[in-house]
Participant: 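Mind having a look at this structure? Questions to follow.
Protein chains get the first letters and strands the later ones, always in sequence-line order, with residue 1 at the start of each. On a predicted model such as this, the values are computed, not experimentally measured, just so you know. FYI, side chains are in, hydrogens and waters are out, and symmetry mates aren't considered; it's all heavy atoms of this structure.
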2 protein chains.
Amino acid sequence: MKPAKNPVGAVETTIELIEALESLDGATVTELADALGVTKGTAHNHLATLQQHHYVVKQGNTYTLSLKFLVIGEYLRNSSVLYENAKAEVEQLAADTGEYAHLSTEQHGLSQKLHKVRGEYAVGTEYQRAKLQKPDCLHYTATGKAILAYLPRSRVEEIIDYYGLPERTKQTITDRDELYETLAEIRERGYALNDEEEVERMRAVGAPIRNKDGAVLGAVSVSGPVSRMKDEQFTDVMPEKVTDAATVIEMNINMAERRGNLPRYV
Amino acid sequence: MKPAKNPVGAVETTIELIEALESLDGATVTELADALGVTKGTAHNHLATLQQHHYVVKQGNTYTLSLKFLVIGEYLRNSSVLYENAKAEVEQLAADTGEYAHLSTEQHGLSQKLHKVRGEYAVGTEYQRAKLQKPDCLHYTATGKAILAYLPRSRVEEIIDYYGLPERTKQTITDRDELYETLAEIRERGYALNDEEEVERMRAVGAPIRNKDGAVLGAVSVSGPVSRMKDEQFTDVMPEKVTDAATVIEMNINMAERRGNLPRYV
DNA sequence: CAGTCATGTTTAGCCATGGTGAACAAGACT
DNA sequence: AGTCTTGTTCACCATGGCTAAACATGACTG
């Protein structure tokens, strides 16, 4: 969370280059040199290095990131204890409710989606380039709040100190004390609500997934338009389905842990 | 393909570190320092740098790669013209045949899978950690040979010069001239066969996907056990289904290109 | 409960090396 | 042919990456 004391500059340059390649959807040496404010020579040497190790692909004069990122990423996800034991249940949840179902975990103080399944009636165009979008702040999503509620207080404070409580809609919780109250409520009832706090006209219900030591590993949620997520649907039906799913996942994980020999990934 | 003239050493160290983290499924500073043959200080600085940029996660004293790799990877795949236009068709192919269906493209002279769908009767345990495994050599897979057949001769030679023709089974083509003959046959009939050349008792049929300029973008294939992929199944039925799928995908891509404004990714 | 031995982290300093700028090569388009 | 581009390479120099050692922290042990 705190900045590196002796960061490796050349690595930071390469990282900037990778992120430029991502946001530009591929680029030429000159474009990248301009974007990073380095000479063409430098950009070229970094690209050649990355290419040699298969992180970057060159076709003609344009460089793009290679699918090696996907191979590594898929490997990590499939190694995840949480994902392995939650996948089927999340899919079930989407089928059951007809809405979007999500599985998220915390990384770097942000909410990182591990799985996202579209239910039959789910709103929104599926044609989005990203699929698993960039991590979100924890305080304005249902999974995020469910996770925050069971993270150690010190960690919660560290995260808020670092990221603050940026506002996404008028409903977003932007006050520390209000957030702490909400988290206490979540602990009482066992699930979290998101009432148009991230996107207007969208609500969500999320439940934490904890191991037998009580540590949160992540959370599941269901999200949908206010028009369907209202009244007892929002206050009873969905919370029950989501917490049930979370309970099943927890049992799966506990049984897997009992069998032992799990990889070191959350 | 040729080594970088002025590689950036610090970047190479970070890359080694990333790959060590992958193969060790997470590790501590000391483990990594030993694995790379650098001091703990160096390992630490690299890890701290990567962590600050969210490429690495630290929990307790063990570092693991972060899901950022997955986010980038999914973005790249979903930006791929080939994947977008082939996805549904490959899934259809798996449903139709009941076997595994694959979509691959060439990267760095290797065959990189973009999609892998398990049909109803497909053999083999699905519980593999990787899902999209590491790239394979082109000369011993059906998709690979289909791709090689339509790559410029100079590129084919460059690839073979670099990787050679390593043997996977007794059936693997390990002779250059024999390979060139096979590629000529593939061009004649329009599809490629893999007759236990990668894995014993497994056969596959692959067809190239080309754009309107005739350049190969990738290939689709169906693979299954010899017991089902035999006689007219192997010589007629599967080739027809696979080439039909490839044709549909090519049409999809051509229409998408006509609409224009495609990302720069294959 | 002290003592030991791991670990991760930080520091100081030297020499390698990453970066610069300019020269070079290779095409594309007048 | 000539003039733009572009990517690539070279030689030099100061930055900063690496090492080694010291420091801090905590876990295990006798």
Participant: Between C/dT9, D/dT8, D/dT9, which nucleotide gets closest to the side-chain atoms of B/K40?
Facilitator: C/dT9
Participant: How many Å lie between OH on B/Y63 and C1' on C/dT7, as a whole number?
Facilitator: 11 Å
Participant: Rounded to whole Å, how long is the line connecting atom CG of B/N6 with atom C1' of C/dT17?
Facilitator: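 Result: 10 Å.
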Participant: Any non-hydrogen side-chain atom of A/T14 less than 4.5 Å from a side-chain atom of B/V8?
Facilitator: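 The answer is no; the side chains never approach within 4.5 Å.
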Participant: Go nucleotide by nucleotide along DNA chain D from the 5' end; which of A/P7 and A/T30 gets its closest nucleotide reached first?
Facilitator: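 Here A/T30 is the residue nearer the 5' end.
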Participant: In whole angstroms, how far is the P atom of D/dG7 from the NZ atom of B/K5?
Facilitator: 18 Å
Participant: Judged by atom type as modelled, is there a donor-acceptor pair below 3.5 Å linking the side chain of B/R77 to the main-chain atoms of B/L114?
Facilitator: yes
Participant: Taking the side chain of A/N61 as its heavy atoms from C-beta onward, which of D/dG7, C/dT9, D/dC18 lies nearest to it?
Facilitator: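 Selected nucleotide (nearest to the side chain): D/dG7.
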Participant: Toward the 5' end of DNA chain C, which comes first, A/T42 or B/V29, by nearest nucleotide?
Facilitator: B/V29
Participant: Nearest whole angstrom, please: distance from the P of C/dG18 to the CD of B/E12.
Facilitator: 9 Å
Participant: Below the 4.0 Å mark, does D/dC18 have OP1 or OP2 next to a side-chain nitrogen or oxygen of B/H44?
Facilitator: no
Participant: In terms of side-chain heavy atoms of B/T39, which of D/dT19, C/dT9, C/dG18 is nearest?
Facilitator: D/dT19
Participant: Considering just the side-chain nitrogens and oxygens of A/H46, establish if one lies under 4.0 Å of OP1 or OP2 belonging to C/dG18.
Facilitator: no
Participant: In whole angstrom, what separates A/N45's CG from D/dG7's P?
Facilitator: 13 Å
Participant: Please check this pair: side chain of B/S80 against backbone of B/V266, looking for a donor-acceptor N/O pair closer than 3.5 Å.
Facilitator: yes
Participant: Is B/E84 reaching over with its side chain to a backbone N or O of B/V81, donor-acceptor style, under 3.5 angstrom?
Facilitator: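 Judged by distance alone, no pair lies under 3.5 Å.
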Participant: On DNA chain C, does the nearest nucleotide to B/K58 precede the nearest nucleotide to B/V11 from the 5' side, or the other way round? Give the residue.
Facilitator: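 Nearer the 5' end of the strand: B/K58.
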Participant: Do the side-chain N or O atoms of A/T28 get closer than 4.0 angstrom to the phosphate oxygens (OP1, OP2) of D/dG7?
Facilitator: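 Affirmative; the distance criterion is met.
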Participant: Just call it for A/G41: base, sugar-phosphate, or nothing, with non-hydrogen atoms closer than 4.0 Å on any strand.
Facilitator: base
Participant: Return the value, rounded to whole Å, for the distance between atom CG of B/L32 and atom C1' of C/dT7.
Facilitator: 14 Å
Participant: If you compare every side-chain N and O of A/T13 against the phosphate oxygens of C/dG19 (OP1, OP2), does one of them come in below 4.0 Å?
Facilitator: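 A/T13 to C/dG19 OP1/OP2: side-chain N or O found under 4.0 Å.
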Participant: Under 3.5 Å, side chain of B/H108 to main-chain N/O of A/H54, donor-acceptor pair present?
Facilitator: yes
Participant: Ignoring the backbone of B/V8, work out which of D/dC18, D/dC10, C/dG18 is nearest its side chain.
Facilitator: C/dG18
Participant: Just the rounded figure in Å: distance from P of D/dT6 to CG of A/L47.
Facilitator: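 The distance from CG of A/L47 to P of D/dT6 comes to 15 Å, rounded to the nearest Å.
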